S.K.: 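Quick one: the structure is below, and I'll ask about it shortly.
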Amino acid sequence: MKYWQPKFETMEHNELRELQLKRLKKTAAAVYDNVPFYREKFDSLGITPDDIKSVDDIKKLPTTRKTDLRDNYPFGLFAVPKKDIVRIHASSGTSGKPTVVGYTANDINTWADMMARNFTMVGLDANDTFQNAVNYGLFTGGMGFHYGIERLGAMAVPSGTGNTVRQIEMMEDFGVTAIHCTPSYGLYLAETVREMGIVDKLSLRVGCFGAEPWSSSTRKELESAFNIKAYDSYGLSEMMGPGIGFECQEQDGLHIWSDHYIVEILDENGEEVAEGEKGEIVLTSLTKEALPVIRYRTGDIARRLKSECACGRTTDRISRILGRADDMLIVRGINVFPSQIENVIVRIEKITDQFEIYLDRNKKKLDEITVKVELDEDAFTDDIQDLAKVRKVVEGELKSVLNIRANVELVEKGTIPRSTGKAKRVFDRREAI
Ligand code: ADP
Ligand code: ZN
């Protein structure tokens with residue numbers, strides 16, 4: 001089967017906009033009537049849900065930020081009584097105190113179908129065996145994927161994270177055909193598969209990776225290490241969790257499920273960017289009941305793509321995430337995204353795929369960036385000249401991508417801690433001085 005819910009996935013443009021309008025009005029009314037935070041925001045702008053006459057009228061509505069969720073922690077933005085909430089999750093807390101999100105039974109149902117759409121889109125079905133190697137706690141990635149796998153009818157292997165050798169044994173023993181984990185854990189699994197030398201014994205076809213940015217070099221690395229196609233899964237707890245945007249088999253940007261979300265890509269002035277341009281992803285939920293969110297400023301940067309796609313789905317489409325605004329490092333006035341560094345490190349030979357970034361301020365009060373990388377075992381010689389050569393290659397490649405000089409520190413393989421979830425790569429020590 002090609003589509004999970006063909007009616008919504010391939011809906012004709014005008015019909016889709018009509019559906020969005022109907023659902024936007026309903027969502028606006030729900031928050032206006034039930035969430036004091038939004039009622040006040042609407043009132044101070046002098047608008048009511050009745051002012052929404054077209055999808056473009058979304059521009060009149062107030063935006064929501066992560067701080068608004070924090071200020072109303074834990075349940076202040078919920079739009080239904082507590083008896084209707086059947087589950088909560090929380091954000092990972094990458095940029096501060098985790099925010100709490102809630103779900104009604106319908107929300108869980110919608111989410112499961114959305115995930116089943118994603119899996120169908122990348123060619124999976126009830127015959128597949130799907131290992132979900134992410135944390136099953138409050139993090140949305142665990143249960144979010146799990147319910148989708150069951151909805152599809154595939155066999156779920158809820159392996160969670162950790163015990164990496166055992167994870168790979170499970171893949172072999174259970175004939176796992178699809179896996180989900182963070183890209184950084186994927187690289188660690190890949191390294192371990194290589195060390196165990198058993199990739200030929202695995203039946204993997206598909207990998208879904210998400211929850212943090214990952215570069216095209218990492219995609220190549222994961223695809224070759226496991227002999228799979230690697231797909232990008234985008235999501236955020238405020239909008240449900242993973243799977244609100246997903247790649248199709250074209251591997252050319254993310255489909256955002258437009259019957260459930262309106263996506264705006266806004267420039268610094270809050271104006272919609274033109275096709276191909278980049279800006280901040282701003283999302284409005286259209287079907288969420290427990291926690292409807294209006295114009296959520298994700299802080300994630302992407303480009304708007306044209307909506308037509310060879311797969312036949314008519315949803316809005318955006319590029320993969322170029323970075324998140326709070327990840328952006330400013331070094332000597334130049335913007336640096338950790339994913340740019342990842343893209344370089346992963347493709348260079350003689351070093352592993354692991355790295356850490358240190359930011360310091362030197363005696364002249366100038367920023368210094370140091371990238372710590374690990375030598376592969378076979379590159380580890382006593383010959384100082386060999387090491388100098390490796391360092392020079394890495395420094396040269398980084399310079400050409402970042403446009404600033406980065407120091408490179410070579411360390412032994414295994415020195416940098418492997419991550420099983422979202423990796424912490426950046427250590428900013430500038431404030432300390
Ligand atoms: P937190 O914001 O605390 O990390 P979440 O667990 O809700 O909490 O994570 C959502 C965020 O993770 C997104 O806003 C985005 O920055 C990042 N993210 C999720 N999926 C991807 C992806 N496929 N590519 C890049 N970044 C992603
Ligand atoms: Zn497509």
Side-chain angles (χ1 to χ4, degrees), residues 2-3 9-10 64-67 69-70 73 88-101 117-118 120-123 134-135 137-145 180-184 186 207-216 218-219 222 230-258 261 263 280-283 291 293 296-302 305-328 337-339 342-343 419 421-425:
K2 205 174 165 208
Y3 305 110
E9 294 175 54
T10 63
T64 312
R65 291 173 175 276
K66 211 174 193 81
T67 49
L69 277 105
R70 289 205 182 109
Y73 177 89
I88 61 166
H89 279 293
S91 68
S92 308
T94 310
S95 59
K97 189 178 167 92
T99 52
V100 173
V101 296
R117 284 184 192 181
N118 295 326
T120 307
M121 182 156 77
V122 296
V134 295
N135 179 337
L138 285 167
F139 175 58
T140 51
M143 292 173 82
F145 263 73
H180 168 230
C181 62
T182 61
S184 43
C208 306
F209 302 95
E212 60 184 356
W214 51 300
S215 65
S216 51
T218 295
R219 184 192 316 255
L222 292 168
Y231 296 101
D232 194 1
S233 156
Y234 172 68
L236 56 163
S237 49
E238 293 81 0
M239 285 297 132
M240 205 71 114
I244 69 134
F246 219 88
E247 274 185 324
C248 66
Q249 292 180 43
E250 302 296 318
Q251 291 180 306
D252 178 28
L254 303 163
H255 283 280
I256 303 277
W257 295 116
S258 300
Y261 302 95
V263 54
E280 181 181 3
I281 306 172
V282 176
L283 292 164
L291 178 63
V293 184
Y296 185 66
R297 309 271 315 246
T298 63
D300 297 327
I301 313 294
L305 304 180
K306 65 172 181 343
S307 58
E308 294 92 73
C309 182
C311 76
R313 291 175 181 80
T314 51
T315 72
D316 283 310
R317 287 194 323 122
I318 62 173
S319 70
R320 298 179 63 211
I321 311 305
L322 306 171
R324 57 194 277 175
D326 22 276
D327 265 1
M328 194 180 75
F337 281 108
S339 54
E342 180 207 274
N343 201 14
S419 152
K422 296 190 192 218
K424 174 156 176 58
R425 304 259 187 228

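Order of listing sets the numbers, starting from 1, for every ligand and every atom in it. Numbers for residues simply follow the sequence, beginning at 1. Source: prediction; values computed, not measured.
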S.K.: Between E250 (side chain) and C309 (backbone), is there a donor-acceptor pair under 3.5 Å?
M.R.: no
S.K.: Just verifying a value: how many Å separate K97 NZ and S91 OG, rounded to the nearest 0.5 Å?
M.R.: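 If we round to the nearest 0.5 Å, K97:NZ and S91:OG are 10.5 Å apart.
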S.K.: Could you tell me whether a side-chain N or O of Q251 sits under 3.5 Å from a main-chain N or O of Y231, the two making a donor and an acceptor?
M.R.: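 Side chain of Q251 to backbone of Y231: no pair is present.
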S.K.: Test of understanding: with ring pair (Phe, Tyr, Trp, His ring centres under 6.0 Å), list the residues that count as partners of Y234, not counting sequence neighbours.
M.R.: none
S.K.: Looking at A230, is its backbone amide N or carbonyl O close enough to the side chain of R219 to form a donor-acceptor pair, meaning the two atoms are under 3.5 Å apart?
M.R.: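 Yes; at least one donor-acceptor contact below 3.5 Å.
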S.K.: Are any side-chain N or O atoms of R320 and backbone N or O atoms of E247, one a donor and one an acceptor, separated by less than 3.5 Å?
M.R.: no
S.K.: Under a strict 4.0 Å criterion on non-hydrogen atoms, which protein residues are in contact with ligand 1?
M.R.: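 Answer by chain and number: K66, S91, S92, G93, T94, G210, A211, E212, P213, D232, S233, Y234, G235, L236, S237, D300, I321, R324, K422.
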S.K.: Is the ring pair F145/H180 parallel, tilted or perpendicular, if the boundaries are 30 and 60 degrees?
M.R.: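 Parallel.
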S.K.: Within the distance-only criterion (no hydrogens, no angle test), does the side chain of N118 pair as donor or acceptor with the backbone N or O of F246 below 3.5 angstrom?
M.R.: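 Absent.
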S.K.: Output, by chain and residue number, all protein N/O/S atoms separated from the Zn ion (ligand 2) by less than 2.8 Å.
M.R.: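 Listed by chain and number, the atoms are C248 SG, H255 NE2, C309 SG, C311 SG.
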S.K.: Taking ring pair (Phe, Tyr, Trp, His ring centres under 6.0 Å) as the test, write out the residues that go with W257, two or more places apart.
M.R.: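 If we apply the ring pair (Phe, Tyr, Trp, His ring centres under 6.0 Å) test to W257, skipping adjacent residues, there are no hits.
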